[in-house]
Number of protein chains: 2
Amino acid sequence: MSGLTIGNVAKRAGVGVETIRFYERQGLIEQPQKPGVGFRHYPADVVLRVRFIRHAKELGFSLREIGELLDLSLEPEQNCGEVRMRAEAKIADIDCRIESLEKMKGALSRLVVACGTQNQAQSCPIIESIVEESSSAD
Amino acid sequence: MSGLTIGNVAKRAGVGVETIRFYERQGLIEQPQKPGVGFRHYPADVVLRVRFIRHAKELGFSLREIGELLDLSLEPEQNCGEVRMRAEAKIADIDCRIESLEKMKGALSRLVVACGTQNQAQSCPIIESIVEESSSAD
DNA sequence: ATTGACTCCGTACATAAGTACGGAAGCTAT
DNA sequence: ATAGCTTCCGTACTTATGTACGGAGTCAAT
């Protein structure tokens with residue numbers, strides 16, 4: 001009863017067994033010690049960990065970045081200054097993403113409105129609104 | 001003077017020439033007609049289009065999804081109901097992403113606060129806060 | 001003890017998204 | 001008209017992220 005088999009972890013997290021093993025190889029989750037006899041047993045919280053990985057992936061974080069996020073959350077008692085700085089950098093990154101998504105949403109909303117009012121003229125609102133960097137020389 | 005060469009487009013968009021050609025093959029940008037003699041000329045707005053693609057990729061959209069976003073913005077005059085529905089679906093998707101990012105940000109902020117106050121006890125705030133789905137049976 | 005499902009492990013295959021290469025052709029400045 | 005870029009095109013290679021396969025071991029139920 002102390003722990004789940006890899007198949008149970010996979011089922012509960014909504015991924016395949018092979019994905020669990022792949023994440024182990026990538027160092028994103030820890031492979032439990034193999035008992036002298038029998039199968040490995042996983043603590044229940046790896047299910048949460050795997051779900052977090054999937055979530056973060058859908059949000060556009062790479063596995064490397066996700067590893068950094070997970071490392072942050074696991075070493076909170078020492079090196080506080082360091083952890084704090086990295087956490088704040090991640091927060092700034094997330095703020096940028098949210099801002100870009102808000103812009104994209106705004107452009108799409110304007111598109112929907114234009115659709116309703118037959119008010120043409122804007123050629124490509126999405127593209128127009130999402131880009132803000134200045135161009136470089138030619 | 002009427003248009004940029006592929007190299008200029010690439011430079012202005014901040015990508016390599018090969019990336020432009022790849023996006024052409026994927027149908028994300030249109031390859032201009034090749035003139036009888038000489039090189040192709042690209043209208044200036046493909047630069048914006050490429051920048052949009054890069055932006056959207058950083059936000060976690062796949063090239064297929066990005067193609068759908070771009071198609072939305074380019075056919076705004078006919079099939080309004082259809083376009084409108086797809087746009088609203090994209091908006092809902094974006095709302096979900098923003099919500100998840102807000103949750104992740106909240107977890108990171110709590111981590112930063114915990115770092116400052118030596119108030120340990122939460123084992124893994126990031127994971128705890130980002131996961132909300134219910135688990136399945138075993 | 002046997003059957004059927006599952007684990008374990010290494011390796012191979014798959015897909016998305018580029019990135020690099022090589023040779024022929026075109027363009028530009030000297 | 002020649003040198004040194006760039007374009008053009010097909011093809012091959014790379015990286016990230018999984019997925020699938022095959023054979024041997026293990027477990028649980030009959």
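Small disclaimer: the values here were computed from a predicted structure and weren't measured. Labels below follow one simple rule: chain letters A, B, ... track the order of the sequence lines, proteins then strands, and each chain is numbered from 1. In what follows, every heavy atom counts, from backbone to side chain, and hydrogens, waters and symmetry copies are set aside.
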Across nucleotides 19-30 of chain D, 5' to 3', mark each nucleotide with B, S or - according to how protein heavy atoms within less than 4.0 Å reach it.
BBB---BBS---

What's the CG-P distance between A:Asn8 and C:dC6, to the nearest Å?
10 Å

May I ask you to evaluate whether A:Tyr23 reaches the phosphate of D:dG18, defined as a side-chain N or O under 4.0 Å from OP1 or OP2?
yes

Tell me the interatomic distance from B:Gln26, atom CD, to C:dA16, atom P, rounded to whole angstroms.
9 Å

For atom CZ of B:Arg40 and atom P of C:dC27, their distance in whole Å:
13 Å

Which residues pass the side-chain hydrogen bond (donor to acceptor under 3.5 Å, both in side chains) test with B:Arg40, sequence neighbours left out?
none

Tell me every residue that passes salt bridge (charged side-chain N to carboxylate O under 4.0 Å, His left out) with B:Glu65, counting only those two or more places apart in sequence or in another chain.
B:Arg97

Comparing B:Ser62 and A:Val17 on DNA chain C - which has the more 5′ nearest nucleotide
A:Val17

In whole angstrom, what separates B:Lys57's NZ from D:dT15's P?
17 Å

Using the side-chain hydrogen bond (donor to acceptor under 3.5 Å, both in side chains) criterion, which residues pair with A:Glu68? Sequence neighbours excluded.
A:Lys90

Looking only at heavy atoms, the pair that brings B:Leu72 and B:Ala87 closest together is CD1-CA, 3.7 Å

Closest listed nucleotide, where the reference is the side chain of B:Lys34 and the choices are C:dA17, D:dC9, D:dT7:
D:dC9

Report the distance from atom CD of A:Glu58 to atom C1' of D:dA16, rounded to the nearest whole Å.
17 Å

Regarding A:Gln31, tell me which of base, sugar-phosphate or nothing describes its non-hydrogen contacts under 4.0 Å with the strands shown.
sugar-phosphate

Scan B:Arg21 against the nucleic acid and name what it touches under 4.0 Å (heavy atoms): base, sugar-phosphate only, or nothing.
base

Check the distance between D:dT15's C1' and A:Glu65's CD and give it to me in whole angstrom.
15 Å

For B:Thr19, all residues meeting side-chain hydrogen bond (donor to acceptor under 3.5 Å, both in side chains), sequence neighbours excluded
none

Can you tell me the distance, in whole Å, between the CD1 atom of B:Ile20 and the P atom of D:dC8?
12 Å

Using a 3.5 Å cut-off and no angle test, enumerate the donor-acceptor pairs between side-chain atoms of residues 22-38 of chain A and protein atoms at least two apart in sequence or in another chain.
| from | atom 1 | to | atom 2 | distance (Å) |
| --- | --- | --- | --- | --- |
| A:Tyr23 | OH | A:Arg54 | NH1 | 2.9 |
| A:Glu24 | OE1 | A:Gln31 | NE2 | 3.4 |
| A:Glu24 | OE2 | A:Tyr42 | OH | 2.5 |

So does B:Gly14 get a backbone contact from the side chain of B:Arg51, meaning a donor-acceptor N/O pair under 3.5 Å?
no

OP1 or OP2 of D:dT6 less than 4.0 angstrom from a side-chain nitrogen or oxygen of B:Thr5, does that happen here?
no

Taking CD1 from B:Ile29 and C1' from C:dG18, how many angstroms apart are they, rounded to a whole number?
13 Å

